[in-house]
Amino acid sequence: MNLILLGAPGAGKGTLASYLIEKMGVPSVSTGNILREAIANKTELGQKAKAFMDAGQLVPDQLVIDLLRDRIAQDDCKNGFILDGFPRTIPQAEALDQIASIDCALSLEVDDAVIEGRMTGRRVCLKCGATYHIKANPPKQEGVCDVCGDTLHIRKDDKPDVVKHRLATYHEQTEPLKDYYGAQGKLKSIDGAQGIEQTKVLACQALGL
């Protein structure tokens, strides 16, 4: 199965993807990882991508598609893949349709207010990497890591104004993909607000796993 996970930042796509990779026995195909590998290996496409990135520009969609085409042609994708971070716009989805047949777009539906609570309440320890949440998983002592005793921090992308901006960008650019895949009869939506274990159950039911 060739699967795309849709959902706003903080909806739980990454956690669900990690579960589905093992459940389905297919790889996660991340455009970010593909770019980094191509650059590290100094491939022709990687060198082209690096030139754009070094100039502070976005890598053009067609170049990303070319990298994706090479990646999904590899043996580990023969039985399917889960796309991570792509497509983000309808033009990207249209380009993707030219190189791969997507079987399902699974959308995690979570209200903005729930996502804002999840993300703005997150605290991380920069020293040991431990993660907390002020309500769901608070440290024993406020602002202090249970593991190493270092000070906890709010990540830049978890600050309220940044979260609101990321959500607005999602609604404007990426959410229209639900209509795009819905028109193809490939969209399945599940409630992603009930916690990860329930989300896993609903995802398996939706995908027939």
Side-chain angles (χ1 to χ4, degrees), residues 1-21 24 26 28-35 49 52-53 57-69 71-72 77 80-120 157-194 196 198-200 202-208:
M1 179 186 295
N2 297 338
L3 175 66
I4 291 171
L5 294 181
L6 298 176
K13 299 186 298 299
T15 305
L16 180 60
S18 297
Y19 169 75
L20 291 175
I21 288 164
M24 297 168 62
V26 300
S28 171
V29 176
S30 162
T31 51
N33 288 343
I34 292 171
L35 282 168
F52 284 101
M53 294 167 74
Q57 300 174 359
L58 291 175
V59 178
D61 287 352
Q62 188 54 53
L63 184 49
V64 176
I65 285 291
D66 290 341
L67 286 162
L68 267 177
R69 181 188 290 109
R71 175 66 184 89
I72 63 180
C77 290
F81 54 81
I82 298 173
L83 267 182
D84 179 5
F86 195 90
R88 293 182 186 274
T89 64
I90 287 178
Q92 289 178 350
E94 291 171 340
L96 177 63
D97 282 345
Q98 301 304 309
I99 66 166
S101 176
I102 300 302
D103 298 305
C104 178
L106 183 66
S107 178
L108 277 66
E109 303 296 330
V110 185
D111 287 343
D112 283 5
V114 174
I115 288 175
E116 289 178 25
R118 285 180 181 177
M119 298 177 75
T120 59
D157 55 355
D158 285 341
K159 292 183 177 180
D161 56 334
V162 177
V163 171
K164 288 183 181 294
H165 177 72
R166 293 177 68 196
L167 287 170
T169 300
Y170 166 76
H171 290 308
E172 179 184 347
Q173 297 183 2
T174 305
E175 194 167 33
L177 288 173
K178 292 196 295 186
D179 290 336
Y180 179 82
Y181 287 111
Q184 297 180 11
K186 297 178 179 178
L187 179 71
K188 294 185 178 180
S189 299
I190 61 172
D191 183 356
Q194 304 303 312
I196 186 58
Q198 181 63 15
T199 300
K200 290 176 182 177
L202 293 173
C204 288
Q205 290 174 347
L207 299 172

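Residue numbers run from 1 in the order of the sequence given.
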Item to complete: Compare all side-chain heavy atoms of Asp112 with those of His171 and state whether any distance is below 4.5 angstrom.
Response: yes

Worksheet item: Quick one: side-chain hydrogen bond (donor to acceptor under 3.5 Å, both in side chains) partners of Gln62, sequence neighbours excluded?
Response: Asp66

Discussion item. Tell me every residue that passes side chain to side chain contact (heavy atoms under 4.5 Å, CB included) with Arg71, counting only those two or more places apart in sequence or in another chain.
Written reply: Pro27, Val29, Ile34, Gln74, Asp76, Cys77

Discussion item. For Lys200, give me all partners under salt bridge (Lys or Arg N to Asp or Glu O under 4.0 Å), at least two apart in sequence or on another chain.
Written reply: Glu197

Worksheet item: From Thr199 OG1 over to Gln194 CD, what is the distance, rounded to the nearest 0.5 angstrom?
Response: 7.5 Å

Item to complete: Give a yes or no on this: more than 12 heavy atoms of other residues, nucleotides or ligands lie within 6.0 Å of atom NE2 of His165.
Response: no

Worksheet item: Which heavy-atom pair separates Leu108 from Ala11 by the least distance, and what is that distance?
Response: CD2-O, 3.5 Å

Worksheet item: What residues, two or more places apart in sequence or in another chain, satisfy side chain to side chain contact (heavy atoms under 4.5 Å, CB included) together with Leu35?
Response: Ala49, Val59, Leu67

Worksheet item: Shortest non-hydrogen contact from Phe81 to Leu83?
Response: CE1-CG, 3.8 Å

Fill in: Sequence neighbours excluded, every pair satisfying salt bridge (Lys or Arg N to Asp or Glu O under 4.0 Å) that has a member inside residues 174-183
Glu109-Lys178, Glu175-Lys178

Item to complete: With the side chain counted from C-beta on, respond yes when Leu63 and Phe52 share a heavy-atom pair under 4.5 Å apart, and no when they do not.
Response: yes

Report, one line per pair, each donor and acceptor closer than 3.5 Å where one atom sits in a side chain of residues 96-105; sequence neighbours left out.
| unit_1 | atom_1 | unit_2 | atom_2 | d |
| --- | --- | --- | --- | --- |
| Asp97 | OD2 | Tyr180 | OH | 2.4 |
| Asp97 | OD2 | Gln184 | NE2 | 3.3 |
| Asp103 | OD2 | Asn2 | N | 2.7 |

Item to complete: With rounding to the nearest 0.5 Å, note down the distance linking CD in Glu116 to CG in Leu167.
Response: 6.0 Å

Fill in: pair Met1-Val26: side-chain heavy atoms closer than 4.5 Å
no

Per-pair distances, 0.1 Å, donor-acceptor, side chain in residues 87-94, under 3.5 Å, sequence neighbours excluded:
| unit_1 | atom_1 | unit_2 | atom_2 | d |
| --- | --- | --- | --- | --- |
| Arg88 | NE | Gly85 | O | 3.3 |
| Thr89 | OG1 | Gln92 | N | 3.3 |
| Gln92 | OE1 | Arg88 | N | 2.6 |
| Gln92 | OE1 | Thr89 | N | 3.4 |
| Gln92 | NE2 | Asp61 | OD1 | 3.0 |

Item to complete: Report the distance from atom NZ of Lys13 to atom OG of Ser18, rounding to the nearest 0.5 Å.
Response: 12.5 Å

Worksheet item: How many angstroms lie between atom CG of Asp111 and atom CD1 of Ile115, to the nearest 0.5 angstrom?
Response: 8.0 Å

Worksheet entry | Inter-residue atom distance Ser28.OG - Asp84.CG, 0.5 Å rounding | 4.5 Å

Item to complete: Apply side chain to side chain contact (heavy atoms under 4.5 Å, CB included) to Thr15 and list each qualifying residue two or more places apart in sequence or on a separate chain.
Response: Ile196

Discussion item. Return the CZ to CG distance between Arg118 and Asp158, rounded to the nearest 0.5 Å.
Written reply: 12.5 Å

Worksheet item: What residues form a salt bridge (Lys or Arg N to Asp or Glu O under 4.0 Å) with Arg166, not counting sequence neighbours?
Response: Asp157

Practice prompt. Report the residues that fulfil side chain to side chain contact (heavy atoms under 4.5 Å, CB included) with Ala206, sequence neighbours left out, ordered by chain and then residue number.
Written response: Leu106, Lys188, Ile190

